[in-house]
Amino acid sequence: MSAKPKALSGLTRRLIQDGLIDQDTAEKHETAAAAKKMPIISHLVREAKVSPEAIAKSAADEFGTPLFDLLSINPDTLPEGLVSDKLIREHHAFPIFQRGNRLFVAISDPTNRQALADIQFQTGIATEEILVREDQLSAFIDQRLGAVEEEAFTDYGDDVDLDLETIDPDQADEEEDRSPTDDTPVVRFINQMLLQAIKLGSSDLHFEPFEKTYKVRFRTDGILHEVANPPIALAPRIAARIKVMSQMDISERRVPQDGRIKLKVSKTKSIDFRVNTLPVLFGEKIVMRILDASSAQMGIDALGYDDDQKALYLEALHKPQGMFLVTGPTGSGKTVSLYTGLNILNTPELNISTAEDPVEINLEGINQCPVNAKVGLDFSEALRSFLRQDPDIVMVGEIRDLETAEISIKAAQTGHMVMSTLHTNSAPETITRLRNMGVPAFNLATSINLIIAQRLARRLCSCKEKLDIPANALLEKGFSQEEIDAGLEIYGPKGCDKCNGGYKGRVGVYEVVKITPEISKIIMEDGNSLQISQVCQEQGFRNIYQSALIKVKQGLTSLAEVDRVTSGH
(Lines give C-alpha, C1' and ligand atoms only; values in the text may rest on other atoms or scores of the structure.)
Protein backbone atom coordinates (compact mmCIF):
# COMPACT_ATOMS: atom_id res chain seq x y z
CA MET A 1 0.00 0.00 0.00
CA SER A 2 1.50 3.36 -1.07
CA ALA A 3 2.17 6.05 1.49
CA LYS A 4 -0.38 8.81 1.85
CA PRO A 5 0.77 11.99 0.02
CA LYS A 6 1.97 14.70 2.36
CA ALA A 7 -0.35 17.70 2.84
CA LEU A 8 1.10 20.65 0.94
CA SER A 9 0.47 24.38 1.16
CA GLY A 10 -1.75 26.11 -1.40
CA LEU A 11 1.20 27.77 -3.13
CA THR A 12 3.11 24.49 -3.39
CA ARG A 13 0.05 22.78 -4.90
CA ARG A 14 -0.17 25.63 -7.43
CA LEU A 15 3.50 25.13 -8.40
CA ILE A 16 2.77 21.43 -9.00
CA GLN A 17 -0.33 22.30 -10.99
CA ASP A 18 1.66 24.72 -13.16
CA GLY A 19 4.24 21.98 -13.81
CA LEU A 20 7.09 23.85 -12.11
CA ILE A 21 7.86 20.98 -9.68
CA ASP A 22 6.55 17.46 -9.10
CA GLN A 23 4.97 16.00 -5.96
CA ASP A 24 8.14 14.25 -4.71
CA THR A 25 10.28 17.37 -5.15
CA ALA A 26 7.66 19.47 -3.38
CA GLU A 27 7.48 17.11 -0.39
CA LYS A 28 11.26 16.89 -0.14
CA HIS A 29 11.74 20.65 -0.19
CA GLU A 30 8.91 21.35 2.22
CA THR A 31 10.53 18.95 4.71
CA ALA A 32 13.98 20.49 4.19
CA ALA A 33 12.63 24.03 4.46
CA ALA A 34 10.80 23.21 7.69
CA ALA A 35 13.97 21.69 9.15
CA LYS A 36 15.88 24.89 8.35
CA LYS A 37 13.03 27.08 9.56
CA MET A 38 12.72 28.91 6.26
CA PRO A 39 9.89 29.36 3.69
CA ILE A 40 9.70 26.70 1.01
CA ILE A 41 9.90 29.44 -1.64
CA SER A 42 13.26 30.55 -0.28
CA HIS A 43 14.46 26.96 -0.30
CA LEU A 44 13.32 26.31 -3.87
CA VAL A 45 14.95 29.48 -5.18
CA ARG A 46 18.15 28.86 -3.24
CA GLU A 47 18.39 25.33 -4.60
CA ALA A 48 17.68 26.68 -8.12
CA LYS A 49 14.74 24.32 -8.55
CA VAL A 50 12.31 27.03 -9.70
CA SER A 51 12.97 30.54 -10.96
CA PRO A 52 11.77 33.40 -8.70
CA GLU A 53 9.85 34.92 -11.63
CA ALA A 54 7.84 31.72 -12.17
CA ILE A 55 7.04 31.38 -8.46
CA ALA A 56 5.93 35.02 -8.20
CA LYS A 57 3.63 34.63 -11.24
CA SER A 58 2.03 31.45 -9.86
CA ALA A 59 1.57 33.09 -6.44
CA ALA A 60 -0.08 36.16 -7.97
CA ASP A 61 -2.44 33.99 -10.06
CA GLU A 62 -3.32 31.65 -7.19
CA PHE A 63 -4.10 34.32 -4.59
CA GLY A 64 -5.21 37.18 -6.84
CA THR A 65 -2.52 39.47 -5.41
CA PRO A 66 -0.75 42.05 -7.61
CA LEU A 67 3.03 41.69 -7.86
CA PHE A 68 5.11 44.64 -6.58
CA ASP A 69 8.57 45.49 -7.93
CA LEU A 70 10.69 45.89 -4.80
CA LEU A 71 13.46 47.56 -6.79
CA SER A 72 11.24 50.61 -7.21
CA ILE A 73 10.97 51.29 -3.47
CA ASN A 74 12.61 54.44 -2.11
CA PRO A 75 14.80 53.40 0.89
CA ASP A 76 14.27 56.83 2.48
CA THR A 77 10.55 56.15 2.91
CA LEU A 78 10.97 52.83 4.76
CA PRO A 79 9.43 52.75 8.26
CA GLU A 80 12.30 52.57 10.75
CA GLY A 81 12.40 50.63 14.02
CA LEU A 82 8.88 49.19 13.87
CA VAL A 83 9.87 45.53 13.48
CA SER A 84 12.88 43.79 15.03
CA ASP A 85 15.62 42.34 12.83
CA LYS A 86 15.02 38.94 14.42
CA LEU A 87 11.36 38.92 13.38
CA ILE A 88 12.23 40.03 9.85
CA ARG A 89 14.75 37.20 9.56
CA GLU A 90 12.47 34.66 11.17
CA HIS A 91 9.50 35.32 8.87
CA HIS A 92 11.39 36.52 5.79
CA ALA A 93 9.13 39.57 5.59
CA PHE A 94 9.94 43.29 5.48
CA PRO A 95 7.70 46.33 6.22
CA ILE A 96 8.11 48.68 3.26
CA PHE A 97 5.67 51.54 3.95
CA GLN A 98 2.96 52.74 6.30
CA ARG A 99 -0.27 54.46 5.28
CA GLY A 100 -2.18 55.83 8.22
CA ASN A 101 -2.97 52.96 10.57
CA ARG A 102 -1.94 50.22 8.08
CA LEU A 103 1.52 48.70 7.65
CA PHE A 104 2.29 47.10 4.28
CA VAL A 105 4.67 44.13 4.51
CA ALA A 106 6.63 42.64 1.60
CA ILE A 107 6.47 38.84 1.48
CA SER A 108 7.20 36.28 -1.22
CA ASP A 109 4.89 33.58 0.17
CA PRO A 110 1.24 34.67 0.48
CA THR A 111 0.49 31.62 2.65
CA ASN A 112 2.74 32.98 5.40
CA ARG A 113 -0.10 34.45 7.45
CA GLN A 114 1.85 33.97 10.69
CA ALA A 115 4.33 36.64 9.57
CA LEU A 116 1.59 39.25 9.26
CA ALA A 117 0.07 38.23 12.61
CA ASP A 118 3.38 38.41 14.49
CA ILE A 119 4.36 41.75 12.95
CA GLN A 120 0.92 43.15 13.77
CA PHE A 121 1.27 41.91 17.34
CA GLN A 122 4.72 43.52 17.73
CA THR A 123 3.83 46.85 16.16
CA GLY A 124 0.17 47.17 17.18
CA ILE A 125 -0.57 48.26 13.59
CA ALA A 126 -2.86 46.42 11.18
CA THR A 127 -0.83 44.69 8.45
CA GLU A 128 -1.39 43.97 4.79
CA GLU A 129 0.72 41.83 2.49
CA ILE A 130 2.59 43.02 -0.58
CA LEU A 131 3.67 40.20 -2.91
CA VAL A 132 7.27 40.49 -4.17
CA ARG A 133 9.79 38.22 -5.87
CA GLU A 134 11.79 35.96 -3.56
CA ASP A 135 15.19 36.94 -4.95
CA GLN A 136 14.40 40.65 -4.60
CA LEU A 137 13.18 40.19 -1.04
CA SER A 138 16.27 38.19 0.03
CA ALA A 139 18.62 40.77 -1.47
CA PHE A 140 16.60 43.62 0.09
CA ILE A 141 16.73 42.09 3.57
CA ASP A 142 20.47 41.43 3.26
CA GLN A 143 21.07 44.98 2.09
CA ARG A 144 19.11 46.52 4.95
CA LEU A 145 20.20 44.15 7.78
CA GLY A 146 23.49 42.71 6.54
CA ALA A 147 24.03 39.16 5.34
CA VAL A 148 24.95 37.64 8.68
CA GLU A 149 22.67 34.65 8.98
CA GLU A 150 21.92 31.66 6.73
CA GLU A 151 23.13 33.42 3.59
CA ALA A 152 26.56 33.85 5.12
CA PHE A 153 27.11 30.11 5.18
CA THR A 154 25.70 28.80 1.89
CA ASP A 155 29.16 27.55 0.92
CA TYR A 156 29.66 25.39 4.00
CA GLY A 157 27.18 22.59 3.43
CA ASP A 158 24.41 21.12 5.52
CA ASP A 159 24.30 20.25 9.19
CA VAL A 160 27.26 18.19 10.31
CA ASP A 161 26.57 15.31 12.65
CA LEU A 162 29.20 15.79 15.35
CA ASP A 163 28.61 14.64 18.89
CA LEU A 164 30.02 17.09 21.43
CA GLU A 165 31.25 15.63 24.70
CA THR A 166 32.20 17.92 27.57
CA ILE A 167 33.60 17.43 31.04
CA ASP A 168 30.34 18.62 32.56
CA PRO A 169 27.48 18.24 30.03
CA ASP A 170 24.87 19.74 32.37
CA GLN A 171 26.94 22.86 32.82
CA ALA A 172 27.54 23.09 29.09
CA ASP A 173 23.82 22.82 28.31
CA GLU A 174 22.98 25.44 30.91
CA GLU A 175 25.70 27.76 29.60
CA GLU A 176 24.56 27.34 26.03
CA ASP A 177 20.93 28.02 26.90
CA ARG A 178 21.76 31.43 28.27
CA SER A 179 24.48 32.31 25.75
CA PRO A 180 24.01 34.02 22.40
CA THR A 181 25.38 30.96 20.61
CA ASP A 182 22.19 29.06 19.79
CA ASP A 183 22.60 30.50 16.28
CA THR A 184 22.10 27.57 13.94
CA PRO A 185 24.19 28.97 11.04
CA VAL A 186 27.12 29.68 13.37
CA VAL A 187 26.87 26.23 14.98
CA ARG A 188 26.73 24.56 11.58
CA PHE A 189 29.63 26.64 10.25
CA ILE A 190 31.91 25.75 13.18
CA ASN A 191 30.99 22.07 12.98
CA GLN A 192 31.72 22.12 9.26
CA MET A 193 35.12 23.74 9.85
CA LEU A 194 36.04 21.10 12.46
CA LEU A 195 34.98 18.25 10.20
CA GLN A 196 36.76 19.71 7.18
CA ALA A 197 39.97 20.13 9.18
CA ILE A 198 39.77 16.50 10.33
CA LYS A 199 39.20 15.26 6.77
CA LEU A 200 42.16 17.30 5.46
CA GLY A 201 44.42 15.95 8.21
CA SER A 202 45.11 19.47 9.50
CA SER A 203 46.94 20.00 12.77
CA ASP A 204 45.58 23.45 13.73
CA LEU A 205 42.62 25.75 13.02
CA HIS A 206 43.03 29.53 13.29
CA PHE A 207 39.99 31.83 13.70
CA GLU A 208 41.28 35.37 13.20
CA PRO A 209 39.32 38.67 13.39
CA PHE A 210 40.74 41.71 11.61
CA GLU A 211 39.36 45.22 11.14
CA LYS A 212 37.25 44.50 8.07
CA THR A 213 37.65 40.76 7.49
CA TYR A 214 37.49 37.47 9.37
CA LYS A 215 39.81 34.65 8.33
CA VAL A 216 39.72 30.94 9.04
CA ARG A 217 42.99 29.17 8.27
CA PHE A 218 44.04 25.53 8.57
CA ARG A 219 47.59 24.30 9.07
CA THR A 220 47.80 21.26 6.82
CA ASP A 221 51.10 19.41 6.39
CA GLY A 222 52.81 22.25 8.25
CA ILE A 223 51.57 25.04 5.94
CA LEU A 224 48.75 27.49 6.70
CA HIS A 225 45.96 27.76 4.12
CA GLU A 226 43.04 30.20 4.17
CA VAL A 227 39.79 28.24 3.87
CA ALA A 228 36.93 30.62 4.75
CA ASN A 229 36.01 34.28 5.19
CA PRO A 230 32.79 34.54 7.22
CA PRO A 231 31.35 38.04 7.77
CA ILE A 232 33.26 40.07 10.35
CA ALA A 233 29.94 40.77 12.12
CA LEU A 234 29.89 37.11 13.17
CA ALA A 235 33.23 37.26 15.03
CA PRO A 236 31.69 37.59 18.54
CA ARG A 237 29.21 34.74 17.90
CA ILE A 238 31.89 32.42 16.54
CA ALA A 239 34.11 33.14 19.54
CA ALA A 240 31.23 32.66 21.99
CA ARG A 241 30.18 29.36 20.43
CA ILE A 242 33.72 27.93 20.53
CA LYS A 243 34.14 29.09 24.14
CA VAL A 244 30.92 27.35 25.16
CA MET A 245 32.11 24.15 23.47
CA SER A 246 35.48 24.46 25.25
CA GLN A 247 34.03 25.10 28.73
CA MET A 248 35.46 28.64 28.89
CA ASP A 249 34.00 31.79 30.39
CA ILE A 250 32.16 33.43 27.48
CA SER A 251 31.94 36.76 29.32
CA GLU A 252 35.73 37.07 29.72
CA ARG A 253 37.33 38.63 26.65
CA ARG A 254 40.27 40.47 28.23
CA VAL A 255 42.64 37.61 29.06
CA PRO A 256 43.71 34.42 27.25
CA GLN A 257 41.83 31.24 28.10
CA ASP A 258 42.54 27.54 27.57
CA GLY A 259 39.96 24.85 26.97
CA ARG A 260 39.35 21.48 25.42
CA ILE A 261 36.73 19.98 23.10
CA LYS A 262 36.03 16.28 22.58
CA LEU A 263 34.19 15.46 19.39
CA LYS A 264 32.87 12.01 18.60
CA VAL A 265 33.05 11.71 14.82
CA SER A 266 31.88 8.09 14.75
CA LYS A 267 30.85 5.34 17.17
CA THR A 268 34.46 4.23 17.59
CA LYS A 269 36.51 7.40 16.96
CA SER A 270 36.71 10.64 18.88
CA ILE A 271 39.08 13.55 18.41
CA ASP A 272 40.18 16.11 20.98
CA PHE A 273 40.82 19.78 20.28
CA ARG A 274 43.05 21.90 22.49
CA VAL A 275 41.66 25.44 22.36
CA ASN A 276 43.32 28.74 23.22
CA THR A 277 41.85 32.23 22.97
CA LEU A 278 43.92 35.41 22.74
CA PRO A 279 42.62 39.00 22.91
CA VAL A 280 43.75 40.86 19.77
CA LEU A 281 43.05 44.31 18.38
CA PHE A 282 39.70 43.51 16.79
CA GLY A 283 38.36 40.68 18.96
CA GLU A 284 39.65 37.28 20.03
CA LYS A 285 41.90 35.05 17.98
CA ILE A 286 41.18 31.37 18.61
CA VAL A 287 43.56 28.55 17.75
CA MET A 288 42.45 24.93 17.98
CA ARG A 289 45.06 22.15 17.97
CA ILE A 290 43.75 18.78 16.77
CA LEU A 291 44.88 15.99 19.08
CA ASP A 292 44.32 12.63 17.42
CA ALA A 293 44.98 9.82 19.90
CA SER A 294 45.42 7.36 17.01
CA SER A 295 48.72 9.10 16.15
CA ALA A 296 50.26 7.48 19.23
CA GLN A 297 49.18 4.07 17.96
CA MET A 298 50.92 4.37 14.58
CA GLY A 299 54.01 2.46 15.66
CA ILE A 300 57.64 3.39 15.20
CA ASP A 301 57.75 2.07 11.62
CA ALA A 302 55.29 4.75 10.50
CA LEU A 303 57.38 7.63 11.88
CA GLY A 304 60.04 7.54 9.16
CA TYR A 305 63.16 6.50 11.09
CA ASP A 306 65.95 4.92 9.05
CA ASP A 307 66.86 1.39 10.14
CA ASP A 308 69.98 2.39 12.06
CA GLN A 309 68.12 5.27 13.76
CA LYS A 310 65.24 2.97 14.70
CA ALA A 311 67.70 0.52 16.29
CA LEU A 312 69.23 3.32 18.40
CA TYR A 313 65.72 4.53 19.42
CA LEU A 314 64.61 1.08 20.62
CA GLU A 315 67.94 0.38 22.36
CA ALA A 316 67.70 3.60 24.41
CA LEU A 317 63.99 3.05 25.09
CA HIS A 318 64.59 -0.26 26.81
CA LYS A 319 67.45 0.88 29.04
CA PRO A 320 66.55 0.72 32.75
CA GLN A 321 67.61 4.28 33.48
CA GLY A 322 68.87 7.48 31.89
CA MET A 323 67.46 10.38 29.86
CA PHE A 324 65.79 10.13 26.48
CA LEU A 325 65.46 13.62 24.93
CA VAL A 326 63.52 14.72 21.84
CA THR A 327 64.14 18.21 20.47
CA GLY A 328 62.84 20.39 17.67
CA PRO A 329 60.65 23.42 17.00
CA THR A 330 56.94 23.62 17.78
CA GLY A 331 54.92 21.33 15.52
CA SER A 332 57.83 19.05 14.61
CA GLY A 333 56.22 15.90 16.03
CA LYS A 334 58.09 15.65 19.35
CA THR A 335 54.99 14.62 21.29
CA VAL A 336 54.15 11.83 18.82
CA SER A 337 57.73 10.51 19.02
CA LEU A 338 57.55 10.39 22.82
CA TYR A 339 54.07 8.86 22.90
CA THR A 340 55.12 6.19 20.42
CA GLY A 341 57.85 5.21 22.85
CA LEU A 342 55.47 5.31 25.81
CA ASN A 343 53.03 3.12 23.90
CA ILE A 344 55.79 0.54 23.35
CA LEU A 345 56.69 0.62 27.05
CA ASN A 346 53.09 0.63 28.28
CA THR A 347 52.77 -2.77 29.99
CA PRO A 348 51.22 -3.82 33.32
CA GLU A 349 54.70 -4.40 34.76
CA LEU A 350 55.73 -0.74 34.51
CA ASN A 351 54.54 2.33 36.40
CA ILE A 352 54.57 5.22 33.91
CA SER A 353 53.79 8.81 34.90
CA THR A 354 53.75 11.92 32.72
CA ALA A 355 53.61 15.64 33.49
CA GLU A 356 52.28 17.62 30.53
CA ASP A 357 51.09 21.11 29.69
CA PRO A 358 48.47 20.19 28.65
CA VAL A 359 47.83 16.45 28.32
CA GLU A 360 47.54 16.12 24.56
CA ILE A 361 46.86 12.41 23.99
CA ASN A 362 45.07 10.18 26.46
CA LEU A 363 46.68 6.75 26.83
CA GLU A 364 45.07 3.97 28.88
CA GLY A 365 47.42 2.58 31.55
CA ILE A 366 49.57 5.71 31.89
CA ASN A 367 49.21 8.20 34.77
CA GLN A 368 48.99 11.58 33.06
CA CYS A 369 49.22 14.74 35.16
CA PRO A 370 48.32 18.12 33.64
CA VAL A 371 50.47 20.86 35.14
CA ASN A 372 48.66 23.89 36.52
CA ALA A 373 50.84 26.92 37.22
CA LYS A 374 47.93 28.80 38.82
CA VAL A 375 47.91 26.44 41.78
CA GLY A 376 51.68 25.92 41.90
CA LEU A 377 51.73 22.55 40.11
CA ASP A 378 54.55 23.08 37.62
CA PHE A 379 56.81 20.47 36.01
CA SER A 380 59.28 20.44 38.88
CA GLU A 381 56.57 19.99 41.52
CA ALA A 382 54.94 17.19 39.52
CA LEU A 383 58.33 15.49 39.14
CA ARG A 384 58.96 15.62 42.89
CA SER A 385 55.60 13.97 43.48
CA PHE A 386 56.28 11.29 40.84
CA LEU A 387 59.49 10.27 42.57
CA ARG A 388 57.49 9.54 45.73
CA GLN A 389 55.12 7.27 43.78
CA ASP A 390 57.51 4.47 42.83
CA PRO A 391 57.82 5.23 39.08
CA ASP A 392 59.68 3.19 36.49
CA ILE A 393 59.32 5.67 33.65
CA VAL A 394 58.74 9.42 33.89
CA MET A 395 57.84 11.69 31.00
CA VAL A 396 58.19 15.45 31.40
CA GLY A 397 56.42 17.51 28.75
CA GLU A 398 59.28 20.00 28.46
CA ILE A 399 62.44 20.96 30.31
CA ARG A 400 62.07 24.73 30.60
CA ASP A 401 64.21 25.68 33.57
CA LEU A 402 67.14 24.62 35.73
CA GLU A 403 64.96 23.22 38.54
CA THR A 404 63.10 20.85 36.20
CA ALA A 405 66.37 19.86 34.50
CA GLU A 406 68.10 19.08 37.81
CA ILE A 407 65.23 16.95 39.16
CA SER A 408 64.98 15.10 35.81
CA ILE A 409 68.71 14.33 35.84
CA LYS A 410 68.62 13.16 39.46
CA ALA A 411 65.74 10.85 38.58
CA ALA A 412 67.69 9.52 35.59
CA GLN A 413 70.70 8.86 37.82
CA THR A 414 68.70 7.01 40.48
CA GLY A 415 67.21 4.17 38.46
CA HIS A 416 64.46 5.83 36.43
CA MET A 417 63.96 6.27 32.71
CA VAL A 418 63.19 9.96 32.06
CA MET A 419 61.78 11.14 28.73
CA SER A 420 61.40 14.80 27.84
CA THR A 421 61.55 17.48 25.14
CA LEU A 422 63.43 20.72 24.57
CA HIS A 423 63.21 23.45 21.98
CA THR A 424 66.58 23.37 20.20
CA ASN A 425 67.58 22.97 16.57
CA SER A 426 69.92 19.97 16.75
CA ALA A 427 71.18 17.27 19.10
CA PRO A 428 74.54 18.98 19.84
CA GLU A 429 72.74 22.25 20.61
CA THR A 430 70.63 20.39 23.18
CA ILE A 431 73.75 19.85 25.30
CA THR A 432 74.68 23.54 24.96
CA ARG A 433 71.15 24.58 25.96
CA LEU A 434 71.23 22.48 29.13
CA ARG A 435 74.69 23.80 30.00
CA ASN A 436 73.40 27.36 29.56
CA MET A 437 70.58 26.53 31.99
CA GLY A 438 73.23 25.75 34.56
CA VAL A 439 73.31 21.95 34.51
CA PRO A 440 76.85 20.66 35.33
CA ALA A 441 78.63 18.94 32.42
CA PHE A 442 79.28 15.83 34.53
CA ASN A 443 75.55 15.29 35.11
CA LEU A 444 74.82 15.59 31.41
CA ALA A 445 77.58 13.19 30.39
CA THR A 446 76.45 10.52 32.85
CA SER A 447 72.67 10.75 32.53
CA ILE A 448 71.73 11.29 28.86
CA ASN A 449 71.43 8.12 26.76
CA LEU A 450 69.97 9.44 23.50
CA ILE A 451 69.05 12.74 21.85
CA ILE A 452 66.70 12.92 18.87
CA ALA A 453 66.34 16.13 16.86
CA GLN A 454 63.53 16.09 14.34
CA ARG A 455 61.54 17.93 11.69
CA LEU A 456 58.47 17.07 9.64
CA ALA A 457 58.84 17.39 5.86
CA ARG A 458 55.90 17.29 3.50
CA ARG A 459 55.63 13.98 1.63
CA LEU A 460 55.38 14.07 -2.16
CA CYS A 461 52.07 12.87 -3.61
CA SER A 462 52.00 9.98 -6.09
CA CYS A 463 51.57 12.60 -8.84
CA LYS A 464 55.20 13.69 -8.33
CA GLU A 465 57.35 14.37 -11.39
CA LYS A 466 61.02 13.71 -12.07
CA LEU A 467 63.26 16.78 -12.14
CA ASP A 468 66.26 17.34 -14.37
CA ILE A 469 68.89 18.85 -12.06
CA PRO A 470 72.51 19.43 -13.18
CA ALA A 471 75.12 17.24 -11.52
CA ASN A 472 77.06 20.20 -10.12
CA ALA A 473 73.89 21.46 -8.36
CA LEU A 474 73.35 18.02 -6.81
CA LEU A 475 76.96 17.96 -5.60
CA GLU A 476 76.46 21.37 -3.99
CA LYS A 477 73.36 20.03 -2.23
CA GLY A 478 75.41 17.26 -0.60
CA PHE A 479 74.92 14.23 -2.84
CA SER A 480 78.03 12.21 -3.71
CA GLN A 481 79.42 11.67 -7.20
CA GLU A 482 78.84 7.92 -6.74
CA GLU A 483 75.12 8.50 -6.08
CA ILE A 484 74.84 10.70 -9.16
CA ASP A 485 76.70 8.19 -11.36
CA ALA A 486 74.41 5.41 -10.09
CA GLY A 487 71.41 7.17 -11.63
CA LEU A 488 70.12 9.38 -8.81
CA GLU A 489 66.51 10.43 -9.46
CA ILE A 490 65.16 13.59 -7.85
CA TYR A 491 61.42 14.29 -7.77
CA GLY A 492 59.42 17.46 -7.25
CA PRO A 493 55.76 18.35 -6.64
CA LYS A 494 53.29 18.42 -9.55
CA GLY A 495 49.81 18.71 -8.04
CA CYS A 496 46.54 16.85 -8.52
CA ASP A 497 43.03 16.84 -7.08
CA LYS A 498 44.10 14.49 -4.27
CA CYS A 499 46.91 16.61 -2.77
CA ASN A 500 47.89 20.09 -1.64
CA GLY A 501 50.25 21.56 -4.21
CA GLY A 502 51.91 18.24 -4.91
CA TYR A 503 52.27 17.15 -1.28
CA LYS A 504 50.14 14.82 0.83
CA GLY A 505 51.01 13.95 4.41
CA ARG A 506 54.37 14.36 6.15
CA VAL A 507 57.40 12.24 6.90
CA GLY A 508 59.76 12.56 9.86
CA VAL A 509 63.39 13.61 9.37
CA TYR A 510 65.66 12.77 12.27
CA GLU A 511 69.07 13.23 13.82
CA VAL A 512 69.54 10.40 16.33
CA VAL A 513 72.63 10.69 18.52
CA LYS A 514 73.65 8.10 21.07
CA ILE A 515 75.85 9.54 23.80
CA THR A 516 79.00 7.46 23.31
CA PRO A 517 82.15 7.62 25.48
CA GLU A 518 83.78 9.90 22.89
CA ILE A 519 80.84 12.34 22.96
CA SER A 520 80.74 12.13 26.78
CA LYS A 521 84.39 13.16 26.84
CA ILE A 522 83.69 16.28 24.78
CA ILE A 523 80.77 17.15 27.08
CA MET A 524 82.96 16.68 30.18
CA GLU A 525 85.53 19.01 28.61
CA ASP A 526 82.74 21.56 28.16
CA GLY A 527 83.01 21.45 24.38
CA ASN A 528 80.66 23.62 22.34
CA SER A 529 77.98 22.40 19.92
CA LEU A 530 80.34 22.61 16.92
CA GLN A 531 82.86 20.29 18.59
CA ILE A 532 80.11 17.88 19.62
CA SER A 533 78.71 17.98 16.07
CA GLN A 534 82.12 17.12 14.63
CA VAL A 535 82.43 14.08 16.89
CA CYS A 536 78.88 13.02 15.97
CA GLN A 537 79.88 13.07 12.29
CA GLU A 538 83.01 11.03 13.03
CA GLN A 539 80.87 8.52 14.92
CA GLY A 540 78.51 8.16 11.93
CA PHE A 541 75.47 9.99 13.32
CA ARG A 542 73.79 11.84 10.45
CA ASN A 543 72.53 15.36 11.05
CA ILE A 544 69.03 16.39 10.03
CA TYR A 545 70.06 17.67 6.60
CA GLN A 546 71.92 14.47 5.75
CA SER A 547 68.91 12.40 6.86
CA ALA A 548 66.64 14.60 4.77
CA LEU A 549 68.77 13.97 1.65
CA ILE A 550 68.13 10.26 2.12
CA LYS A 551 64.37 10.99 2.02
CA VAL A 552 64.94 12.94 -1.23
CA LYS A 553 66.94 10.03 -2.66
CA GLN A 554 64.06 7.69 -1.75
CA GLY A 555 61.61 9.96 -3.60
CA LEU A 556 59.66 10.74 -0.41
CA THR A 557 60.16 14.52 -0.46
CA SER A 558 61.67 17.30 -2.55
CA LEU A 559 64.86 19.35 -2.28
CA ALA A 560 62.77 22.51 -1.90
CA GLU A 561 60.99 20.99 1.09
CA VAL A 562 64.29 19.90 2.63
CA ASP A 563 65.61 23.46 2.34
CA ARG A 564 62.41 24.76 3.96
CA VAL A 565 62.48 22.53 7.03
CA THR A 566 66.24 22.34 7.60
CA SER A 567 67.29 25.84 6.43
CA GLY A 568 69.62 24.15 3.96
CA HIS A 569 72.19 22.96 6.49
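The shown structure was predicted, so the numbers you read here are calculated from the model rather than taken from an experiment. Basis for what follows: all heavy atoms, side chains included, without hydrogens, waters or symmetry-related copies.
Residues D118 and R113 are not paired through a salt bridge, judged by the lack of any N-O separation under 4.0 Å between the basic side chain and the carboxylate. Ion pairing between a basic and an acidic side chain is recognised when a charged N comes within 4.0 Å of a carboxylate O; K285 and E208 show such pairing. Taking a cutoff of 4.0 Å between a charged side-chain nitrogen and a carboxylate oxygen, K243 and E252 do not qualify as a salt bridge. For the pair R289 and D204, the salt-bridge criterion is met [side-chain N within less than 4.0 Å of a carboxylate O]. Checked for salt-bridge contact, K334 and E398 miss the test: no charged N lies under 4.0 Å from a carboxylate O.
Of all heavy-atom pairs spanning I238 and I190, the tightest one is O-CD1, 3.8 Å. When all heavy atoms are compared, the tightest approach of E284 to A239 is OE1-CB, 4.1 Å. Closest heavy-atom contact between R506 and G331: NH1-O, 3.9 Å.
Counting heavy atoms from C-beta outward, Q196 and M193 have side chains that approach closer than 4.5 Å. In this structure, the side chains of L205 and V216 stay at 4.5 Å or more apart for every pair of heavy atoms. Counting heavy atoms from C-beta on, the side chains of M288 and I261 come closer than 4.5 Å.
In this structure, F210 has its ring center no closer than 6.0 Å to that of F282.
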Working for side chain to side chain donor-acceptor pair (under 3.5 Å), residues S202 and H225: CA-CA 10 Å; S202 303; H225 302 277; over 6 Å; no
Audit row: D272, K262, salt bridge (charged side-chain N to carboxylate O under 4.0 Å, His left out) steps and yes/no: CA-CA 4 Å; D272 289 351; K262 188 179 187 68; 3.5 Å; yes
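Annotation for K504: atom NZ does not count as buried by contact number, only 12 or fewer foreign heavy atoms lying within 6.0 Å. For R433, the CZ atom counts as loosely surrounded, since its 6.0 Å shell holds 12 or fewer non-hydrogen atoms of other residues, nucleotides or ligands.
F140 is linked by a ring-ring contact (aromatic ring centres under 6.0 Å, His included) to F94, counting only residues two or more places apart in sequence or in another chain.
The cationic group of K215 does not satisfy the cation-pi geometry with F207, failing either the under 6.0 Å distance to the six-membered ring centre or the 45° limit from the ring axis.
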